Amino acid sequence: MADVLVLGGTGTTGRRVVACLRDAGFAARAATRKPGEPGQVRFDWTDRSTHADAVRGVSAVYLLAPIGEAAPAGLVEPFLDDALAAGVRRVVLLSSSAVTADTPGLGDLQRLVRAAPEWAVLKPSWFMQNFTGEHLVAQGVRDGEIVTATGDARVAFVDAGDIAAVAVRALTDPEPHNTEHVLTGPAALSYAEAASVIAARTHRPVRHRAVSTASHAASLTASGIPAEFAAVLAALDEDIRRGAEDRVTRAVEEVTGRPARSFETFVEEEIR
Ligand SMILES: NC(=O)c1ccc[n+]([C@@H]2O[C@H](COP(=O)([O-])OP(=O)(O)OC[C@H]3O[C@@H](n4cnc5c(N)ncnc54)[C@H](OP(=O)(O)O)[C@@H]3O)[C@@H](O)[C@H]2O)c1
């Protein structure tokens, strides 16, 4: 099989997709704006001159939306045209459970990817890895207080490693999936429940404070996030509060043959 190009190859899901592909014996090309390691290729959404080399000799692409673009199709459509013309047959899009084909901006990408000869759209719920690293929720874990506008509604947090495992099957299975996969963890938890799992395992005080959507948007803006984006983030919390993420699917197990990782295991293995 020819190489698989992994866009966002240094990111939370992409680097796991690259590792999983290589473990399974496939040649993976990790796209990054600053290549420095073997197996990486320079790719910048905003610099079309980097696209031809990245897709040369590639059969399948793992595609993430360009970060922070209100109208990402403007960058993705010409890239896909060039990629398909260069011989790429399969495209696997990392979307989100919060995005449908009707969602302005990001929804357009689902339509574009479905036009590839072989495709899959991954629609994960919120990542467990938001509780680690640079994410605001992770900062809350470190501060001992996670603040959201989700009330006591539940989210079926999903592990980035499970998303990567599904992506690898979608990229390499002989039969294309040609479908959407809604990916969740094995159980839905409120942020308060997640905080108490973390507190119990780390022996550190961590709690959840529920605030209104308006006050959450205002404090995100005060922390330096542009007001428009802060409003989008707060609105996503409001969707959760209305129950949008309170459901569990079996897609991880159905596609990979092994159960999805639990939040408890994630905390035990990744939160110190
Ligand atoms: N977090 C969640 O709970 C959640 C839930 C559902 C869906 N999602 C979706 O997940 C996606 C993010 O995926 P992720 O977490 O795996 O990625 P990520 O960790 O946010 O990493 C972003 C990647 O994009 C690359 N990148 C940034 N600017 C670029 C540019 N101009 N051109 C090319 N590459 C660029 C970065 O690579 P370099 O810096 O090396 O160039 C990096 O590898 C988003 O679309 C989000 O909607 C997230």
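Ligands are counted one by one from 1 in listed order, and the atoms in each one are counted from 1 as well. From a predicted model like this one, the values you see are computed outputs, not experimental measurements.
Around atom CG of N178, more than 12 heavy atoms belonging to other residues, nucleotides or ligands sit under 6.0 Å away. In the displayed structure, E254 atom CD is contacted under 6.0 Å by more than 12 heavy atoms of other residues, nucleotides or ligands.
Ligand 1 places these atoms under 4.0 Å from at least one heavy atom of L94: 10 (O), 11 (C), 13 (O). Against a heavy-atom cut-off of under 4.0 Å, N130 is close to the following atoms of ligand 1: 1 (N), 2 (C), 3 (O). Within the listing of ligand 1, atoms 5 (C), 6 (C) sit less than 4.0 angstrom from a heavy atom of S125. In summary, the atoms of ligand 1 found under 4.0 Å from a heavy atom of T32, numbered by their order in the structure, are 38 (P), 40 (O), 41 (O). Those atoms of ligand 1 with a heavy atom of P124 less than 4.0 angstrom away are 6 (C). Residue-ligand proximity, T10 to ligand 1, at heavy-atom distances under 4.0 Å covers atoms 36 (C), 37 (O), 38 (P), 40 (O), 42 (C), 43 (O). Close contacts of ligand 1 with S95, meaning ligand atoms under 4.0 Å from a residue heavy atom, involve 7 (C).
Checked for salt-bridge contact, R114 and E180 meet the test: a charged N lies under 4.0 Å from a carboxylate O. Residues R258 and D162 are paired through a salt bridge, judged by an N-O separation under 4.0 Å between the basic side chain and the carboxylate.
Note: an N/O pair closer than 3.5 Å links W45 and ligand 1 by distance alone. Checked against a 3.5 angstrom limit, the closest N/O atoms of R33 and ligand 1 fall inside it. Remark: ligand 1 and F127 share an N or O pair separated by less than 3.5 Å (distance only, no angle test).
Of the inter-residue distances, the one linking W45 atom CH2 with I67 atom CD1 reads 10.5 Å to the nearest 0.5 angstrom. Between L93 atom CG and K123 atom NZ the span is 10.0 Å, to the nearest 0.5 Å. Put simply, CZ on R90 and NE2 on H177 are 7.0 Å apart, with the number rounded to the nearest 0.5 Å.
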Next item on the list: For ring-ring contact (aromatic ring centres under 6.0 Å, His included), just list the numbers for F157 and F266, CA-CA rounded to whole Å, side-chain angles, deciding distance to a tenth of an Å, and then say yes or no.
Entry: CA-CA 10 Å; F157 297 105; F266 158 75; 9.0 Å; no
Next item on the list: Go through L80 and L63 one step at a time and tell me if the side-chain contact (heavy atoms from CB on, under 4.5 Å) criterion holds.
Entry: CA-CA 10 Å; L80 280 179; L63 195 151; 3.9 Å; yes
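A donor-acceptor pair under 3.5 Å links the side-chain atoms of Q129 to the main chain of A160, judged by distance alone.
The protein atom (non-hydrogen) at minimum distance from atom 23 (C) of ligand 1 is G8 CA, 3.7 Å. In this structure, atom 22 (C) of ligand 1 lies nearest to the protein heavy atom I67 CD1, 3.9 Å. Atom 12 (C) of ligand 1 has its closest protein heavy atom at L64 CD2, 3.9 Å. When only non-hydrogen protein atoms are considered, atom 21 (O) of ligand 1 lies nearest to G11 CA, 3.5 Å. Looking only at heavy atoms of the protein, atom 16 (O) of ligand 1 is closest to T13 OG1, 2.6 Å.
Residue R241 is tested with T148, T213, L236 for a side-chain contact (heavy atoms from CB on, under 4.5 Å); the sole match is T213.
Atom 46 (C) of ligand 1 lies below 4.0 Å from none of the non-hydrogen atoms of the protein. Distance check on atom 32 (N) of ligand 1: some protein heavy atom falls below the 4.0 Å cut-off.
Contact annotation for T12 and ligand 1: heavy atoms of both the backbone and the side chain come within less than 4.0 Å of the ligand.
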